[in-house]
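Have a look at the structure below, then the notes.
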2 protein chains.
Amino acid sequence: MPDSLGTKPPPFVGQVSMKEVARLAGVSPMTVSRALSTPHLVKPETLEQVQSVIRAVGYVPNRVAGSLSSRRTSLVGLIVPSLRNALYAETIQGISDVLQRHGLHLMISDSGYCLEREEALISAYLAQRPCGLILHNTVHTEAARQMLQGAGVPCVETGNLAPHPVDMTVSYSNRAAGRAMAEHLVSRGYQRFGFASLRIGDNERLRERRDGFFEGLRAAGIAIDPAMVLEVGEGLESGSQAFAELIGRDASVQALFLAGDVLAAGAIFECARRGLRVPQDIAIAGSDDNDLMQQMIPPITTVRFPRYRIGVRSAELIVGRLGDETLQPASEDLGFEVVPRGST
Amino acid sequence: MPDSLGTKPPPFVGQVSMKEVARLAGVSPMTVSRALSTPHLVKPETLEQVQSVIRAVGYVPNRVAGSLSSRRTSLVGLIVPSLRNALYAETIQGISDVLQRHGLHLMISDSGYCLEREEALISAYLAQRPCGLILHNTVHTEAARQMLQGAGVPCVETGNLAPHPVDMTVSYSNRAAGRAMAEHLVSRGYQRFGFASLRIGDNERLRERRDGFFEGLRAAGIAIDPAMVLEVGEGLESGSQAFAELIGRDASVQALFLAGDVLAAGAIFECARRGLRVPQDIAIAGSDDNDLMQQMIPPITTVRFPRYRIGVRSAELIVGRLGDETLQPASEDLGFEVVPRGST
DNA sequence: TTGTAAGCGTTATCAG
DNA sequence: CTGATAACGCTTACAA
């Protein structure tokens, strides 16, 4: 996969090695190593001496060598479906905040919602011997599962409650969220529903959310017309289109659940353009709360997921495992919240 | 900085080493190495033999060892001011897309808009011996500059046209963008202006955009009242507040340039709530185009920056340098575009 | 508190 | 086309 990037004498930072620092400081390399990793075990004067040489020559330790020797890197790998999506940004920030506090570094890639690409990435990441792996996905290829299981690297799956986690999970239940939204809408008295989401494909999270929604409706004795179920692309524009399509198919529809991305906001914009009143003429609910949902006119009823917290807990589980390898596989359900607003 | 994460016998993926694979395949480790990196240099039958052992035992090469030996990693470091911000997401995606194509991996952190934290991150990243570094920032501490210069690692600065790049730059001119927006608004006939941005602090990009705006107004013989210049927090809500504050200070203001984040959209929402007509009662312009700006009612005039392209070109410059170390420092201006819409 | 010795698992190099 | 050998720059383990 990696194409060759030239084979000339490669660039390298280390003009100065630990050995050289040691020589200049008149100590052994081991003492320099200690001065860096366990300064309290070095005599103050020696420490001072070493540190001054380090500063003088601008020595930057080589973690590649260090990692090989100690058999431990400071890299945590993260694979998300998409980097563009603001959705994942919150989680990434949570992960990053925790890792940074612990001197760990985040390696990140996107699978483009493709399981085969995820598999390739997992393999490439394992080659870097990361000290942890976080996957925003709970469905993997068989090969990927095997690699993960065999690797013995702490691994957190997130984005959905995984029934059979490879190792650890931190998430919320998309199915329950969908159900809860159905219950909310039913409780408001709506009877005729429409549903749109991003393309589901391999996306277990969306599938669950949708199925949960249908389940909730069924529980209330309501069936949704298959013609009123849509998959569309990303972006506000798609939300507008989804709205147009659904209302075109059944003008008497009373409530739409537009699950994912900012589809619901796009629908509200479309309503405004058409002069439709929300929720009097039609109710609209979304998922993934953010300040746009809150600021829209009317503000949009959504399901809120604790995305930042999920990032934080995912990273914390990795860090915890590093500190204590006997920690058992954990599965955390961080829940969700239906936020009722003016749009329903 | 890294706090100790336990010192027990560390976890490791490599149940199987190259040596072991070699033994099982009845060849030397070097042949296994070649089978992996330069398969065309290995006799087909030997290759087949080695590959089948690799599959059988699930061997995952250890890139840490490989990197140490070859003195070359496949890691590119990226430091952005914030991971949350959708702004950077586009650029990150561009970088990631290119790196992935070349078998490189992205290490990412956020500096939280803090130069000292950026410095610490640069140092930590250099310790990983990355094959490239991308900084979404052009102003650094003196120590950071020195490290970067001494490191000899390909480095791209972005986010603003750097007058004195450490190595390479890929960007657009925030100053020119500010000026262009001033010219646009002046050309529409507005005379009394207000300006709000996120907190500027060490953020050279925002400072330049603001100064460019003032410069453009001055060039048209227009002065902006210092009381009509504001700094606010992030988010739509802040945009609403900025609007409220500015209009409160001078009800006769005709046009607002809300530079940064989604401030302009927040202002438009506030107008809607107050029943003000845009642009008849007041014109509003923003920066950083995205589909929200486009979908708002009215759609918002903005400056559009080629954020995805910037990511792509940044990564390409790194990759290019890896392939040919004699490539000279490049500085690319990818420009920007004022997108006139209904809000002005 | 410091030092010595022995790797860590690859790849560069050169010989065959 | 294949192999032997010597690094790569650090840390672990043990000794002094």
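Labels below follow one simple rule: chain letters A, B, ... track the order of the sequence lines, proteins then strands, and each chain is numbered from 1.
As rounded to whole Å, 20 Å separates atom P of dT2(C) from atom CZ of Arg23(A). The nearest whole Å value for the distance from the CG atom in Leu47(A) to the P atom in dT1(C) is 11 Å. Atom-to-atom, CD1 of Ile54(A) to P of dG9(D) comes out at 16 Å; the value is rounded to the nearest Å. In this structure, the NZ atom of Lys19(B) is 13 Å from the C1' atom of dT5(D), given to the nearest Å. Taking atom CZ of residue Arg72(B) and atom C1' of nucleotide dT10(C), one finds them 15 Å apart after rounding to whole Å. For the pair Leu126(A) CG and dG9(C) P, the interatomic distance rounds to 16 Å; values are reported in whole Å. In this structure, NE2 of His40(B) is placed 15 Å from C1' of dT2(D), rounded to the nearest angstrom. Between Leu68(A) atom CG and dA6(C) atom P the separation is 18 Å, expressed in whole Å.
Applying the 4.0 Å criterion to OP1 and OP2 of dT10(C), one finds that Ser33(B) has every side-chain N and O outside that range. Between dT2(C) and Thr31(A), no contact under 4.0 Å exists linking OP1 or OP2 to a side-chain N or O. Proximity of Arg129(A) to the phosphate of dC8(C): no side-chain N or O atom is located under 4.0 Å from OP1 or OP2. Put simply, Thr46(B) has a side-chain N or O that comes within less than 4.0 Å of OP1 or OP2 on dT2(D). For dC10(D), the OP1/OP2 oxygens have a side-chain nitrogen or oxygen of Tyr59(A) closer than 4.0 Å.
Here the nucleotide nearest the side chain of Ser70(A), chosen from dC10(D), dT12(D), dA4(D), is dT12(D).
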Arg145(A) and His164(A): CA distance, side-chain angles, deciding distance, side-chain contact (heavy atoms from CB on, under 4.5 Å) verdict: CA-CA 11 Å; Arg145(A) 287 195 88 83; His164(A) 304 293; 4.1 Å; yes

Report the C-alpha distance between Asn160(B) and Val139(B) in whole Å, list the side-chain angles of each, state the deciding distance to 0.1 Å, and finish with yes or no for side-chain contact (heavy atoms from CB on, under 4.5 Å). CA-CA 9 Å; Asn160(B) 195 32; Val139(B) 180; over 6 Å; no

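Between Pro61(A) and Ser28(B), the residue anchored nearer the 5' end of DNA chain D, judged by the nucleotide with its closest heavy atom, is Ser28(B). Comparing Pro29(B) and Leu36(A) along DNA chain D, the residue whose closest nucleotide (by nearest heavy atom) sits nearer the 5' end is Pro29(B).
Side-chain contact between Leu135(A) and Val166(A): absent, with no pair of heavy atoms (C-beta onward) separated by less than 4.5 Å.
Partner of Gln93(A) under the side-chain contact (heavy atoms from CB on, under 4.5 Å) criterion, chosen from Asp97(A), Thr91(A), Ile95(A): Asp97(A).
A donor and an acceptor atom sit less than 3.5 Å apart, one in the side chain of Ser69(B) and one in the base of dT11(C).
There is a side-chain donor-acceptor pair under 3.5 Å between Gln128(A) and Ser74(B). Between the side chains of Glu119(B) and Thr141(B), at least one donor N or O sits under 3.5 Å from an acceptor N or O.
Distance check, rounded to the nearest 0.5 Å: CG of Leu47(B) to CD of Gln49(B) gives 10.5 Å.
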Which atoms of nucleotides 13-16 of chain C (N or O only) lie under 3.5 Å from a protein N or O atom, and what are those distances?
none

